[in-house]
Amino acid sequence: MKKVVSLALALVMMLGLCACGGGSAAPEEEDHSDAIRLAVQSEAAVECMFSYANVKNVLASVTNTDDNGDGTYDVNGYITVIDDYGDRYKAKFDATVSVDEDGDADCDSFSMETPTRE
């Protein structure tokens with residue numbers, strides 16, 4: 001008899017949990033961090049190619065991204081520039097990046113300090 005009562009109570013508890021769990025999940029925010037980083041990196045590469053000789057690689061390290069709520073983001077961080085000789089230079093940057101519905105990002109504004117050798 002005790003087994004039957006225990007089983008019935010377990011079933012009632014399971015049904016109670018199922019009945020309470022029907023809420024809809026909160027919509028997930030899209031993560032545009034990779035697209036934003038690549039847009040900043042591309043913009044920095046263009047600026048570095050025209051401003052500095054022998055640029056081999058430009059890497060972007062985004063440290064802060066603020067969503068403005070309208071598809072634009074205020075972004076700042078560091079750019080690392082590696083020249084053909086393997087020397088590394090680092091500079092702070094600030095940018096405004098727009099992200100469209102497809103998740104593609106473009107820099108609207110970009111400013112970078114003069115890179116200093118690490």
Side-chain angles (χ1 to χ4, degrees):
M1 182 70 178
K2 289 181 184 180
K3 289 182 182 180
V4 174
V5 172
S6 298
L7 182 61
L9 285 174
L11 288 173
V12 168
M13 287 182 6
M14 284 179 31
L15 289 174
L17 287 175
C18 292
C20 294
S24 63
E28 291 184 25
E29 289 188 25
E30 293 185 46
D31 183 16
H32 299 294
S33 59
D34 287 340
I36 289 170
R37 184 183 50 76
L38 290 173
V40 167
Q41 187 169 321
S42 298
E43 190 72 23
V46 168
E47 184 167 320
C48 289
M49 296 297 175
F50 291 115
S51 303
Y52 309 100
N54 303 321
V55 173
K56 180 178 182 180
N57 198 1
V58 177
L59 306 170
S61 173
V62 174
T63 56
N64 187 25
T65 304
D66 290 328
D67 185 356
N68 296 329
D70 59 355
T72 63
Y73 296 82
D74 293 327
V75 184
N76 57 45
Y78 292 91
I79 297 294
T80 302
V81 180
I82 304 169
D83 67 12
D84 286 339
Y85 306 109
D87 295 329
R88 297 171 70 90
Y89 299 85
K90 196 168 192 175
K92 273 179 111 174
F93 77 88
D94 291 304
T96 302
V97 178
S98 295
V99 179
D100 64 16
E101 298 84 26
D102 298 328
D104 298 324
D106 289 315
C107 278
D108 296 330
S109 67
F110 181 82
S111 63
M112 179 176 75
E113 295 176 347
T114 302
T116 55
R117 192 170 182 181
E118 289 186 312

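When reading the values below, keep in mind they use all heavy atoms of this one structure, side chains included, and skip hydrogens, waters and symmetry mates. None of these values were measured; they are calculated from a predicted model.
Residue Leu38 shares its hydrophobic cluster (ILVMFWY side chains chained together at separations under 4.5 Å) with no other residue. With side-chain heavy atoms closer than 4.5 Å counting as contact, directly or through intermediates, the hydrophobic cluster containing Ile82 also holds Leu59.
Expressed to the nearest 0.5 Å, how far CG of Asp74 lies from CG of Asp94 amounts to 9.0 Å. Atom CG in Asp108 sits 9.5 Å away from atom CD in Glu43 (nearest 0.5 Å). Here OG1 of Thr65 is found 7.5 Å from CG of Asn76. Values are rounded to the nearest 0.5 Å. In this structure, the separation between CZ on Phe93 and CD on Glu113 is 11.5 Å, given to the nearest 0.5 Å. Interatomic distance, CZ of Phe110 versus OG1 of Thr96, reported as 11.0 Å (0.5 Å rounding). Taking CD of Glu47 as the start and CD1 of Ile79 as the end, the distance is 9.0 Å to the nearest 0.5 Å.
Val58 and Ala45 get closest at one heavy-atom pair: CG2-CA, 3.8 Å. Contact between Ala95 and Cys107 at its shortest, heavy atoms only, is CB-SG, 4.5 Å. Considering all non-hydrogen atoms of both residues, Pro115 and Val81 come closest at CG-CG2, 4.4 Å. Ala35 and Gly103 make their closest contact through CB-O, 3.3 Å (heavy atoms, listed as atom of the first residue, atom of the second, distance). Residue Val40 comes nearest to Ala60 through the heavy atom pair CG1-CB, 4.1 Å, listed as atom of the first residue, atom of the second, then distance.
Between the side chain of Ser98 and the backbone N or O of Gly71, no donor-acceptor pair lies under 3.5 Å. The closest donor-acceptor contact from the side chain of Asp70 to the backbone of Thr72 lies under 3.5 Å.
The salt bridge (Lys or Arg N to Asp or Glu O under 4.0 Å) check on Glu101 picks up nothing, with sequence neighbours excluded.
Within 6.0 Å of OH in Tyr78 there are 12 or fewer heavy atoms belonging to other residues, nucleotides or ligands.
Just one of Val75, Asp34, Val97 meets the side chain to side chain contact (heavy atoms under 4.5 Å, CB included) condition when paired with Val62; it is Val75.
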